[in-house]
Every structure is written in C-alpha cells, then in structure tokens.
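A, B, ... follow the sequence lines: proteins, then strands. Residue 1 opens every chain.
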Amino acid sequence: MASSQKSPATAAEPKAEEATRGTPKPRGLVARWNALPMLLRHILAACAAMGAVIVLTSVTGQGENTRIASVGFYMLAIAGLGILIGFSGQVSLGHGAFMFIGAYSTALFVLHVPMMPLWLNLILATAISCLAGLIIGVVCARLHGPYLAGATLALAVALPALANRFSEFLGGPNGLDFLMRGTPPALSDAIPNTSWQAWVVWLTVLIVLVFLANLSHGRLGRQMRAVRDDESAAALSGIRVARVKVTAFVISAGCGGLAGALQAYMLKTATPSTFTVALSLSLLAVLVLGGLGSLWGALWGAIAMVYVEEWGDELAHTLDLGTNVANNLPHVLYGVLLIALVLAWPSGVQGFLRQLGNALRPREHSGYGTPSVPPTHEGK
Amino acid sequence: MAAALLLSSCSGAGEVEDDGPADLDVSTGVTDDSVVIGTHMPLTGPAAPGYSQIPAGAGAVFDYINENGGIHGREIDYRVEDDVYQPDNTVEVTQDLVHDDEIFAMLGGLGTPTHSKVIDFLNEEGVPDLFVSSGALMWNQPEEYPLTYGYQVDYTREAKIQGEYIAENFPDADVGLLHQSDDVGEDSQAGLEQYIGDQITEVQSYDSGQESISAQIEALADAETDVVVCSCVPTYSAMMFLESAGIGFEPEFMVSSIGADTVTLSGLLEQFSEESGSDAPADSLLDGMIATGYLPQAAQQDDPWIEFYSGVYDEYVDPEVPFSNTTVYGMVQATKFAMVLEAAGEDLTRQALIDALDEDNYSGPGLVPFSTAPDNHAGYTGAYISEYSEGGDVEVLQEVRVTDNGDGEIEEFDLERPGPDEVTPFSDLG
C-alpha cells in the first residue's frame, strides 16, 4: 500500500513527544516534524494518505478500487478492535456484531429515509453502534478474560439471527437491498463510481483514524494502558477503571459500526450471512497478525484480510489444482502465515517493522526505541 | 478534495441517479475467436453440496462446443467464480467479472440472496444477465431489469401445480408444509394456498444453514399430516427423509424440483447415515417420493437429450462428479445459451444477444415451454409430476402443465420438442 509509506505518523509513537521535550531546538526534517503539535502531525499524515489513495485509485482498475476501499473499512474495524484489546485489554470475539449493526442501520436509513445525506447516515449508524456498545460495555465491564470473550461471542452468534426473526423489517436471510448514490452527476464522466466510493470510504476512515491516533496517545490512551496492565494499580492511582473500560468498548463499537456502514455503502446490501462468527474471528486473527497495540497493525491486518485470500485464489489458479485443494488453499495459506508470523514475531507485522526500524536507526536515537506498547500481555 | 467530497455528499444518500439505459451496441468480451462469459456459484461452504455439479455440467457442454469449432468460430471462455453463497462475496466476484474479466454476459448466477445483490449492477453496466439459477419471481421484471432473464420454473408456478395435483389426488388429506424461511417458502406457500388453502394444517420452516430440522419433523408428525410438501434445497430434503424414517413418520412426500435430485439426495443420505452410524439403505428412503420437474431426469436414459448429455458427460466431466439432475441442469443452461449465441449471429454485440433472446423460445432440452419474450422473462413456465421408485425408476404421474405466477388457470400443454440433432448449433457439431 502506497498510503502506508506516505503517512509515517498516522500512528505516531510517544517517543515523538519525548523527543520534543528533550530537544527544544529542532534540527533536521525529522526533528522539525516531531516538533509539530501531535494533532497537526496526524492531520497532515492523513492528508498525505488521502492523496496516496487518490493517486492509487486513479492508476488501478475498478476491481482493484473496490479492494482498496475494503482495506479501508476493514482497517477501521480492526483499529477499533485494537483499541479494545491492545489498549484496554478486553478481548472481544464478537466485533462483527457491531459491523452488523452499522450495516443494517445504514440500510434501513437508506430504505426509509432515502433523502438523508450520506454523512448524516454514517454518523447516525455510528451513534447507534456506540449506543449498543455502551449497553454491552456496561454489562461486559463486569466480566474478565474468557467470560468476556464468551459474552461477546454470543453476541456475534445471536445478532445476525435477528434478521431472520424480524424478516419483515430486516429482510430475513435474503437481507436488504438498496441503491446508493455514486459519483455526483457533475463528475460522473470523469470519475468511475468505484474510485469515488473508495475516496468516500478512505476519507471517513482517515478522519476517524486521526481521532483514534490522538486519543490513543492522549490521557485516555494512557489510562487504558494502565487498566490493561494492572487494574488494581490503575484504580489506586485514581483511574475509574469501569468507566475507562466502557469507554474503550464504546469507541470500539463505534468503529465497528462505521466500518459496517461503509461496507453497506460499498456493497449496497446488508445480509446476515456477511456477519458470521467467522468474520469476528477473522478480524481478531488479522489484528494479531498485524500487531496489537498500534494503529499500523490494523493496516497490515486489513491488507492481509483482503489480499491473502485473493493471492491464495490466484496461486491455486496458477497451479491448476483440483477443486478441493484449490478451495482450501487460501485458508491454509492464511493459517500458515499466521502461525509463522506469530512464531517469528509475536508482536505481528508491526512488531517486525519496528524491530527493523530500530536496527536501522542511528545510535543516538536508539534510546527511544522501546515499543510504545508491550507486544503481548496477560489478560486478567 | 475533502471539501468537494463533503459538499457533494450533502444530497440524499439513497438517491438514484438516472443515467438512462446502458449502451448495448458493444462487444465487450468478444474477439474473433472467443467470447468470455462468467457466473457466480457456491463451490464451497454449506450451500455447495450438489450445486458444484452445475458449472461442471455447463462447462462440459462448452468444452464439447469448443472442441467442435465453437460458435461462429468463437470458443466460449466460461469463468466460474466461487461466492460461497455469501452476498458480499457475490458483489465482489461479480464486479471482478465485469470490470477485470470483462465478461460479455453473465450466465446462471446462482441464488436469490446472492444474485439479487448484483442484478441492479449488471443492468446498469449493460451486462446481459441470462438464466438466473433461482426460482424467485424477481428475475421476471422486464420493465425494471430489461437485461435479466429467468431460467427455472418459479416457486409460485411450481407450487400451484403441486397444489392442484394434491387437491385432485388427495382431496381429503391433511397437508403439512416444510420450507426454507425465505422467498422459497413464501412464494411456494402463496402458490399452494390457491388450491389447498383449507387442507394445510401445519406449516414448518427452517433457516438456511440450520444444523437440524428434527423439531420441524416432529411437529409435522404430531399434526398427523398425510402429505408433506417440501420446498427445500437438497440438504434439507435429505434431512427430512432421514428424520422422518427415524421416528416412523410415513406421509406422502412431495418435493419441489430444487430439492428433488435423487442422485444428490442419495449421496447426502448415505453421508448423513454414515455420520449418525445408522445403516439404512439410502435409496429405500426415497422410494415413493413425488417430485416436480421441468427438465428430463438423468435417469431417463431413453430421452434423446439425456443420451446426448451422457456422451458429453463421459468425455468431458471429471468422474468424481456424478451424472445427476443437477449436472443436467447446468448442461441445459449451457445448451440454451449456445442456442441464443448461435442465433445472435456472427456480428456479436450485447444488443444482438438480447434481440436473439426476444425472437425465439429456444425449445430444446426442457420438457415445458420456455419464455424469453420481450415482456416475459420467466424462463420455464410449467412442470410435470413424477414418482421415484427404489432402484432408479421414474414414473411420470402427470404430464406437463403450465400456468402463470398470479392467479391464472393451470393448463395442459403439448410441447413440440426437438432433439439435439434438430437444434443448431448442436446439429452442426460433432
């Protein structure tokens, strides 16, 4: 992904702050960049990433544009899950349920209030998901480790069944179909629909990522990490543990919901079979693969989610394998990749890249090389 | 750019821009010696059993045609994409087929929840969408979807014919329905109720993907129904036979064409029996099954088309795939497409293909009339009723009758049906 190279600070690390404090007079380009306020840095990086997406989609074909957009909304869902697991230490096996809520909210708004603007639709879908996250978060804040995982897993199993239960309203197993506006008429000759959709998706995703990046490096982020590492110690130092945990849940649910809404916008459909337990588990798997505790990990995870299967299919096609082998090859590839990566770098792709960066960095900077978040941690 | 995006997103999200009809005077996917077509099918996942035989059958007919010189000198390049019966995958693979593979037409995209998600897209992009593999009513809407054409008899027509048969032959029977909880069930029930509304005493449904239907079968048995009409896909008709045998429930079973492929059913029954450790002979469970159909069955070896397809099967299909009604289903689909392609002529455009569809009804393999008229994209419009006996015999109980999907009459119909040697392009090949 070109966007990754052009936005080096989407997930700026705390060392940047320390660097600013340590060296009041910025020297060189890197230092000058680090001297900028964090919010400004994140916004500039997001603009660069948006530019990269626009350039990228204008050189690729229409099918590729759809995949680029998919990387966008999956990244958002994975980043939300990353905030929950990597930062606040709560494990969720049911994140797909929030995507379900977001997608169905969007679908219902489009069907029943067709003239509502897209941005308002997305905001409302996010708000509804946040509300669901709040309710579930309040319940789940009382649960730990496996109990929490069990509760969220139940959510992922139960929610899609609602579509069948209320089939008049939610369309049953066939789901909801709707039409959404593509490229504005004035631009429709110049810009293919799929490019436009990819831009809308990435613009939304980047706005939220700026928010997440700021948040994870700010006070709330520190509180979450404190809660994750030791709840009692966090409580003793005045952090309201339950509130922090619920907040993490709400943010994570909002991201999942918005991702689902964007997916519905892309696909113009919402069906129960899209939001199976398998989706929730895949989100978790690629989060681990990408690297917990950093927004960059979400990007690698999303790329893996969209492309590993694609490559597996192509590989199977090239090798001209039998149907049974070819059908299973992408999954096998996925599994092997996950096992190999976690064996070699428990902190995922991002952990590997950070190690690589530290090894290549000149000596004087090595003091800042400590990862912002320990690669693994024990849930309590 | 961000501002422009935001500003333009201020008008309604659900607004539909009206571009007018797509340009059909194009030859996308066509070269002098080939034509690319595509389809989406569940080759893996829970919906896959049986259905993967459809593209195997269709592909074999295309292989046969290609090896005999193609149609107007063009080989048919048939690309099958696996969508796992998941609509989001269907959208993705269809976009790939249209944008990347640049298919000339879509042939036999399978499933209602899946294909309904791409029908707008295909019509907007001007891609002819032929012979959808589903009996939903929505494919036959020429006004709204001018490029989409149905294939199999729709669920309501088929159910009307079943209903009338029950009313005539089992007038005093209590009827129970077992159906899939989506359009399959709804549309079937609508048809049955026109004839046996007061005979239906119990309605049970299952969700696709459900692990067991024993509760539903218990309910049908408790209601002491004499006839059970099953509008189910093969997996669930097989479960129905096994569960019923398990509790000694023995009504007349009447199964819709979508779930009545006996080769697939025996395979499934054997597999289920093995898993549950029972040793009931699979075939005996199917003895006496009453089925509706519109194509010749694989077991009817004296049928000229089945004879022809057996030959094609022997030469081009992997022996792992059985020669079943489902294989025949794919073969007929391919045959129909080849006939339309032949009729579209040497100068192949999408418009020429649509014109050819509108001109003829392409009689051939099917046993009931096929409609591709400009104002009626129904596909097969009727059904016959047959009974299966242990060992593979098929007896026709009621000859073909046709009807509409509203409240029109059911009529007998005598079909002039040419064999393969009387139909171009097949008469010119091999």
Using only heavy-atom distances, determine whether the side chains of B:Glu75 and B:Ser34 contain a donor-acceptor pair under 3.5 Å. no
Select one option (side chain, backbone, both, neither) describing which atoms of A:Ile191 are under 4.5 Å from chain B's heavy atoms. neither
First locate atom CG of A:Leu162, then atom CD1 of A:Ile101, and finally report the distance between them rounded to the nearest 0.5 Å. 9.0 Å
Region of A:Thr106 that comes under 4.5 Å of a non-hydrogen atom in chain B: neither
Please classify the contact between B:Gln95 and chain A as side chain, backbone, both or neither, with a heavy-atom cut-off of under 4.5 Å. side chain
Any A:Met180 side-chain heavy atom under 4.5 Å of A:Leu118 side chain: yes
Once side chain to side chain contact (heavy atoms under 4.5 Å, CB included) is applied, do any residues pair with B:Leu137, and if so which ones, sequence neighbours excluded? B:Asp154, B:Thr156, B:Asp187, B:Asn405
A:Leu120 CG to A:Met115 CE distance, which is reported to the nearest 0.5 Å: 12.5 Å
State whether A:Lys268 and B:Asp88 are salt-bridged, where the test is any N-O pair (Lys NZ or Arg NE/NH1/NH2 against Asp/Glu carboxylate O) under 4.0 Å. no
Taking side chain as C-beta onward, heavy atoms only, is A:Asn65 less than 4.5 Å from A:Gln197? no
Residues at least two apart in sequence or cross-chain that pass side chain to side chain contact (heavy atoms under 4.5 Å, CB included) with B:Glu193, listed by chain then number, are B:Gln189, B:Ile200
How about residues 256-265 of chain A versus chain B: which residues have heavy atoms under 4.5 Å apart? A:Gln263
Side chain proximity check, B:Tyr236 to B:Leu178, heavy atoms < 4.5 angstrom: no
Option in B:Lys117, B:Gln86, B:Gln180 with maximal non-hydrogen atom pairs under 4.5 Å from chain A: B:Lys117
Donor-acceptor pair, side chain of B:Thr112 and main chain of B:Asp183, under 3.5 angstrom: no
Within residues 273-281 of chain A, contacts to chain B at heavy-atom distances under 4.5 Å involve A:Ser273, A:Thr274
Do we see a donor-acceptor contact under 3.5 Å between the side chains of A:Thr269 and A:Asp177? no
